[in-house]
Amino acid sequence: MTNPDSASTETTPTDKSLPVRTLVATVLAGLAGLAISHAIVAILGNVAVPSFSKYLLPVALDRELVAVTEWFGAPGGATRWIWISWFAVGATGLAFPFLFNRLWFSRRILSIPGITRIFATIVILGFIEYLTANAPGTLPVNAQAGYESWKPGEFAVREFALRVVFGAVGTAIFFVIVGETALGGNPDRWWNPAATKRSVAGAAALGAAVGAIIASIGELASDSLPALLNAGFFLFSEASEMTRRGWQAISAMLSLTLALTTAAVAALLVALSPSPTGLRRRALAIAIAALPTSASVGVVLGYQHHISEVGEGRFKSLTEVARLEPKPANRVLLLAGAKEPVAFVYEMEAKVSGTMDDEKIGATKTNIDRVQRYLAERAGRWTFHTAKAWDAAGAILDRLLEPDAAIRAKMAAAEKTSSLVTVQLLAIRIPRMPVTAAVREVSGFLLDESRFLARSAGQKSRLAAIARNVGSAARAAELERAAQGMGDKRATDLSANEARTDANGSVSGVVTIRGRAAPNLRVALYRFPTDGRVQQPPLASINLLAATDTNANGSFRFEGLRGAKVMVGVLLPESFGGNPSAVRATGSLGPFDIATTPSIDAGSIDINPIAR
């Protein structure tokens, strides 16, 4: 009686091609990963680069965008690489069954059993992948309830374990259905006559082990890819160093990560596939598979270390890395109310915008010095906290009600970082402000074509508003004609309309405390919200027009205002504390319509602490 295992050996010649098949699978999968990664970066580049033409562009950024465009061949580069990546993935997918199971070279893959087996494998593996991605407890977003209470890392261990389990089960099924010595070794047969219980069990066990290894590598790579992509988003964020070098760096890292990971997975699947081969050839195949596997793990770990150390990813906040001091005690800000001034809590902290999140930092002059020292120590090196650091000085100065110093700081940051959002906010804000020395200086920078470029009609209209605001009527007319020639029939916007009105408006008044003159109080002038509602501070800095101190008589005056609704804000001394319910004020802080009444006398605003 013939031994089933010996029958399997007799009907299946010794496999001599395993190392070669492993090498070919490694190369094909690696090339597919390279094509996919370059297509991803090309898509991002083709989306990001053309859209920037709608903004007021720093010249330095514009030069880099031209270089990036040439590098990708935008806008056609993305389409070309998408097709290349699809071809690479398709070729690898079609070749892989033959590389995984050498018997398929001599069998009819285009048969009912073959097509059914391939389709069943795809469905099973797809279902396993779905279970892996949506395993209970792995991602809190899948369970809507309790999402808000989820903490990062809470399900990390369970998620990793479930991914490994599902990966092992899925690969075991794959090995049994497609493996050479298992149930479906031949694509044109429903059943492999050489299969035995031992061979099927062996294929399943081997597949489970391979699946666990691959799932572990995938988990490691999946932890790294978000960090990689987040770092890449520096290139597309509002405050970033958009350079050819940056694009090439992110492309290289993404290419290495995807190419090595896909190559490692393909190589491991083939090198450990069920096949009657000798120990030496098996060892050689495993050695070939170990090269991309160890390289992918090394790249991921190395990149994670780079992000942690050089990119300062180990620091959760700018406050931590720059050793900023905590925010001072809250104060009280008086703003316009329906009948009398309303007191609000005024937190002495500034919100700074970063690439991945925003942060609130203490609004103190000391923190401005510390942030500037932090930037100087990095000498231009970009980190996870650089965007926030450059935004900090302007945000703190706005919070301290020093708008002229704030716009100077924001302009310095915009030129250093090529921040599109900072430039845009300055371009919107400047025409609304009274024409001070700081406004003239920043306006001159924005109108300097060696510093900033406007390619769209909307941005030329915005520059026209800036020019008209500082009295450059000829330049404003030139820019408006250019905007009209580009199809902008309005050639204007809200700020431009305001800039057309005469800058002869004024708001004045007197602040008293218990009827006595209140000198050295900080008084701010804000644009009144268009919806007519005064919301809890902090008010957006873009609405802060001007600020001054009351004189010895408690008087204040704002001049050079253009037509708009405005309101006054009075920041109370620290001695008043931060409890708005302990303060009551009489008088009027607005709103005042400069367009209808250019010269506004707000009269007396009297502040009375309420005894508790």
Side-chain angles (χ1 to χ4, degrees), residues 58 60-61 64 152 226-243 245-246 249-250 253 303-329 347-426 438 442 445 538 541:
L61 174 60
E64 289 298 335
L228 176 65
L229 293 176
N230 282 334
F233 288 151
F234 283 137
L235 303 174
F236 318 115
S237 68
E238 65 279 4
S240 63
E241 44 184 6
M242 173 72 78
T243 63
R245 179 177 150 196
I250 191 66
M253 281 306 307
Y303 186 73
Q304 287 179 339
H305 176 77
H306 178 83
I307 288 295
S308 174
E309 298 302 317
V310 179
E312 300 177 350
R314 66 188 184 281
F315 294 106
K316 295 180 180 179
S317 65
L318 175 64
T319 298
E320 181 183 359
V321 70
R323 297 182 177 87
L324 303 184
E325 63 182 11
K327 73 168 187 174
E347 295 185 349
M348 297 303 294
E349 60 184 6
K351 185 174 77 169
V352 290
S353 298
T355 303
M356 288 177 283
D357 58 10
D358 296 335
E359 179 184 345
K360 290 184 178 180
I361 62 176
T364 67
K365 293 291 182 68
T366 299
N367 279 346
I368 294 178
D369 295 336
R370 292 186 180 183
V371 164
Q372 290 174 342
R373 184 166 61 248
Y374 166 80
L375 289 170
E377 290 171 353
R378 269 81 191 148
R381 175 167 54 83
W382 200 264
T383 74
F384 275 86
H385 311 288
T386 305
K388 294 177 184 177
W390 277 110
D391 192 42
I396 290 174
L397 290 166
D398 269 327
R399 197 62 182 163
L400 296 176
L401 300 181
E402 298 183 23
D404 281 358
I407 60 173
R408 283 190 169 112
K410 289 175 185 289
M411 175 53 65
E415 290 210 288
K416 186 65 178 179
T417 65
S418 295
S419 168
L420 295 175
V421 167
T422 302
V423 174
Q424 287 302 107
L425 292 178
L426 279 172
V442 174
F445 287 155
S541 60

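Given the structure is predicted, the values throughout are model-derived calculations rather than measurements.
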Is there side-chain contact between Leu318 and Tyr374, with at least one heavy-atom pair below 4.5 Å? yes
Does any non-hydrogen side-chain atom of Thr422 lie less than 4.5 Å from one of Thr417? no
Could you tell me the separation between the CG atom of Leu324 and the OG atom of Ser317, rounded to the nearest 0.5 Å? 8.0 Å
Output for pair (Leu400 CG, Ile368 CD1), nearest 0.5 Å, gives 6.5 Å
Does Glu325 reach the main-chain N or O of Gly362 with its side chain, forming a donor-acceptor pair under 3.5 Å? no
Distance, nearest 0.5 Å, that separates CD of Glu402 from CD1 of Ile396: 11.0 Å
Going from CE on Met348 to CZ on Arg399, what distance comes out if it is rounded to the nearest 0.5 angstrom? 7.0 Å
Taking all non-hydrogen atoms of both residues, which atom of Val352 and which atom of Ala392 are closest, and how far apart? CG1-CA, 3.5 Å
Check whether any side-chain heavy atom of Lys365 sits under 4.5 Å from a side-chain heavy atom of Leu397, and report yes or no. yes
Minimum side-chain heavy-atom gap Asp358-Lys388 below 4.5 Å: no
Show me the pairs that pass salt bridge (Lys or Arg N to Asp or Glu O under 4.0 Å) and involve residues 403-419, at least two apart or across chains. Asp398-Lys410, Arg408-Glu441, Glu415-Arg451
State, to 0.1 Å, how close Gly394 and Ala406 come at their nearest heavy-atom pair, and which atoms those are. O-CB, 3.6 Å
Counting distance only, does the side-chain N/O of Glu312 pair as donor-acceptor with the main-chain N or O of Val321 below 3.5 Å? no
Is there side-chain contact between Leu375 and Thr386, with at least one heavy-atom pair below 4.5 Å? yes
For Lys351, I'd like to know if atom NZ has over 12 heavy atoms of other residues, nucleotides or ligands within 6.0 Å. no
Between atom CD of Glu349 and atom CD1 of Ile361, what is the distance when rounded to the nearest 0.5 Å? 9.5 Å
Distance, nearest 0.5 Å, that separates CD of Glu377 from CD of Gln372: 12.5 Å
Report yes if the side chains of Leu61 and Ser419 come closer than 4.5 Å at any heavy-atom pair, otherwise no. no
Shortest non-hydrogen contact from Asp391 to Ser353? OD2-N, 3.0 Å
Heavy-atom closest pair (Val442 atom, Met411 atom, distance to 0.1 Å) is CG1-CE, 3.5 Å
Please confirm whether the backbone N or O of Phe315 pairs with a side-chain atom of His385, one donor and one acceptor, at under 3.5 Å? yes
Hits for salt bridge (Lys or Arg N to Asp or Glu O under 4.0 Å) against Arg323, two or more places apart or cross-chain, chain-then-number order -> none
Who are the salt bridge (Lys or Arg N to Asp or Glu O under 4.0 Å) partners of Arg370, not counting sequence neighbours? none
Taking all non-hydrogen atoms of both residues, which atom of Ala60 and which atom of Ser418 are closest, and how far apart? CB-OG, 4.4 Å
